[in-house]
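Below is one structure, written out as structure tokens, with a few remarks after it.
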Amino acid sequence: MKIKATTADAYKLFHNGTLALARAERQGIRIDTEYCERKKQHLTRKINKYQKELQGTKFYRRWEHIYGRKANIYSNHQLSRLLYHIMKIEPPKVTESGKGSTDEDALGQIDIPELKIILKIRKLAKIRDTYLDAFIREQTDGYLHPSFELHNVRTYRSSSSNPNFQNIPKRDKESMQICRRALLPRPGHMLVEMDFSALEVHIGACYHKDPVMLKYLKDKESDMHADMAKQIFMLEALDRSDPIQNKLRSAAKNGFVFPQFYGDYYGNNAASLCEWVGLPHSKWVPGMGIQLSDGYYISDHLRNNGIKSFQKFVEYMKEVEDDFWSNRFHVYNNWRDKWVEQYRRDGYLKMLTGFTCAGVARKNEIINYPIQGTAFHCLLLTFIELDKAMRKEKWDSKLVGQIHDDALLDVRPDELEHIKGTINRIVKEELPKKWDWIIVPLDIDLEVYGVDKPWVA
DNA sequence: GGAACTCGCCAC
DNA sequence: AAACGTGGCGAGTTCC
């Protein structure tokens with residue numbers, strides 16, 4: 001008989017989780033403080049160089065003319081006034097409070113070369129002030145001890161602070177290398193990162209049990225993102241080994257599938273997809289966007305299929321969205337409706353792990369909360385069990401951090417094989433045994449970094 | 001001089 | 001009819 005998880009089960013998970021996370025906090029992660037100091041100075045010199053370059057321009061002299069000695073290139077308030085009030089430029093986008101935005105996207109759409117310098121300065125200052133500075137400030141005796149909290153997040157995920165271990169740059173190569181170069185294993189050890197692949201998609205399937213999604217997750221040959229790329233870009237086939245075709249797959253994944261799961265809609269999707277493939281929000285002519293093959297561009301291809309403008313593409317994406325939820329994933333879609341209906345009736349929702357979310361929430365929030373929380377709980381239980389095995393068997397290896405669906409270990413090389421086996425046992429056997437609602441195989445990836453090498457691939 | 005706010009930007 | 005979920009944090013600004 002199936003027994004549903006209770007609040008007491010949820011409590012126990014967080015009680016044990018708190019203890020395991022506290023032990024990881026106490027272990028800490030080794031940090032190269034001298035490197036941080038050196039790199040900080042290096043970044044400061046680069047920033048000063050860009051600042052000098054900016055200050056020599058007409059644009060900045062205008063800025064100084066308005067603000068005098070108070071002119072500050074880090075003031076977005078001043079920049080916004082200068083661009084949108086003094087220079088009368090039409091704001092490409094506005095902020096939450098309705099003022100002209102000065103974020104990267106907005107500045108990128110304004111044809112003033114000086115703004116490029118500001119963006120470069122912003123990026124370097126972000127690395128220096130948010131990461132390297134914090135690493136130096138927060139370290140004691142060459143170790144960082146980030147906090148991991150379980151009481152801050154509405155979805156019953158974790159948060160991290162002092163410093164935040166969960167937002168160290170990864171996607172931008174330069175930022176990633178500069179920041180992660182600072183984080184090291186203990187002497188003679190290596191960093192090992194384990195992460196669940198597509199965990200939220202898998203956990204979502206445990207809630208809605210859509211047969212089409214279950215097939216995608218169980219059948220290694222099938223590929224949801226490739227299928228969506230084929231549909232969106234009207235392709236007969238998709239070869240992931242071709243870089244351009246793989247880019248189309250990434251566009252479908254990040255510009256349509258994931259945003260749809262979070263509750264986005266075709267209008268934003270169409271804009272995002274165009275961004276991915278380099279097409280403008282206007283009429284399309286031959287030779288626009290990314291090149292599919294010699295002399296054949298994405299705009300040629302879509303025009304040949306009857307989509308000759310952004311406007312038309314938006315209409316087409318409406319059809320794709322409709323097909324996505326009404327046909328392809330209609331069981332998933334019915335679950336969403338029923339789930340929201342039930343919340344509106346009860347005033348709360350209950351997760352598969354026993355946690356309760358109550359209070360006023362919008363539709364998208366209600367759909368996302370259980371999936372986001374439950375996915376993290378899979379990582380947390382894995383973390384707890386690993387910590388338990390580690391202490392019982394007196395490993396020299398240590399758990400040092402966690403990022404929602406990902407854990408970082410500081411491993412003594414001769415223990416690696418045993419640790420791999422332990423992780424696999426926990427994820428493949430113990431998790432599904434404890435939680436019988438896990439109806440899809442959970443997969444984990446292991447990334448092993450070099451002995452004495454930093455957290456840089 | 002600190003609290004509370006906005007904005008921008010990093011992660012999943 | 002509306003239209004992307006969860007955080008932390010630094011700098012600048014405003015208010016007391």
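So that the names make sense, note that chain A is the first sequence line, chain B the second, and so on, each numbered from 1. Hydrogens, waters and symmetry mates are skipped; everything else that's a heavy atom, side chains included, is used.
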Taking atom [atom2] of [N] as reference, at what distance in whole Å does atom [atom1] of [X] sit?
X         : N       : atom1 : atom2 : result
Leu124(A) : dA11(C) : CG    : P     : 15 Å
Asn72(A)  : dA11(C) : CG    : C1'   : 8 Å
Phe148(A) : dT6(C)  : CZ    : P     : 21 Å
Tyr266(A) : dA2(C)  : OH    : C1'   : 10 Å
Asp264(A) : dA3(C)  : CG    : P     : 11 Å
Tyr265(A) : dA2(C)  : OH    : C1'   : 9 Å
Arg362(A) : dC4(C)  : CZ    : P     : 9 Å
Asp322(A) : dA3(C)  : CG    : C1'   : 15 Å

*Applying the side-chain hydrogen bond (donor to acceptor under 3.5 Å, both in side chains) test to Asn269(A), which of Lys318(A), Gln260(A), Glu321(A) qualifies?*
Gln260(A)
*Measure from the side chain of Tyr74(A), starting at C-beta and using heavy atoms only, and say which of dT13(C), dA11(C), dG10(C) lies closest.*
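Output: dA11(C).
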So, is [X] close to the [N] phosphate, meaning a side-chain N or O under 4.0 Å from OP1 or OP2?
X         : N      : value
Ser159(A) : dG8(C) : yes
Asn152(A) : dG8(C) : yes
Thr155(A) : dG5(C) : no

_If you count every heavy atom of other residues, nucleotides or ligands that lies below 6.0 Å from Lys247(A) atom NZ, does the total exceed 12?_
no
Do [X] and [Y] pair up side chain to side chain, a donor and an acceptor below 3.5 Å, judged on atom types alone?
X         : Y         : answer
Gln166(A) : Ser159(A) : no
Lys12(A)  : His15(A)  : no
Tyr84(A)  : Glu90(A)  : no

Would you classify [X] as touching base, sugar-phosphate or nothing, given that sugar-phosphate means primed atoms plus P, OP1 and OP2, and contacts are heavy atoms under 4.0 Å?
X         : value
Tyr369(A) : sugar-phosphate
Gly263(A) : sugar-phosphate
Arg137(A) : sugar-phosphate
Ser160(A) : sugar-phosphate

N/O-N/O pairs, protein side and nucleotides 1-5 of chain B side, under 3.5 Å:
none

*Taking the six-membered ring for Trp, are Tyr369(A) and Tyr156(A) ring centroids under 6.0 Å apart?*
no
_Would you say the ring centers of Phe256(A) and Phe261(A) fall short of 6.0 Å from each other?_
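Here the rings of Phe261(A) and Phe256(A) have centres that are no less than 6.0 Å from each other.
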*Single hit among Lys253(A), Lys230(A), Arg240(A) for salt bridge (Lys or Arg N to Asp or Glu O under 4.0 Å) with Asp223(A)*: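 Of the listed residues Lys253(A), Lys230(A), Arg240(A), the salt bridge (Lys or Arg N to Asp or Glu O under 4.0 Å) partner of Asp223(A) is Arg240(A).
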*Go along nucleotides 6-12 of chain B 5' to 3' and tag each nucleotide: B for a protein heavy atom under 4.0 Å from its base, S when only backbone or sugar atoms are that close, - otherwise.*
SSSBBSB
*What distance separates Ile367(A) CD1 from Arg336(A) CZ, expressed to the nearest 0.5 Å?*
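Reported value, rounded in 0.5 Å steps: 5.0 Å.
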_From CA spacing to verdict: side-chain contact (heavy atoms from CB on, under 4.5 Å), Gln55(A), Ile73(A)_ = CA-CA 9 Å; Gln55(A) 283 165 347; Ile73(A) 57 161; 5.8 Å; no
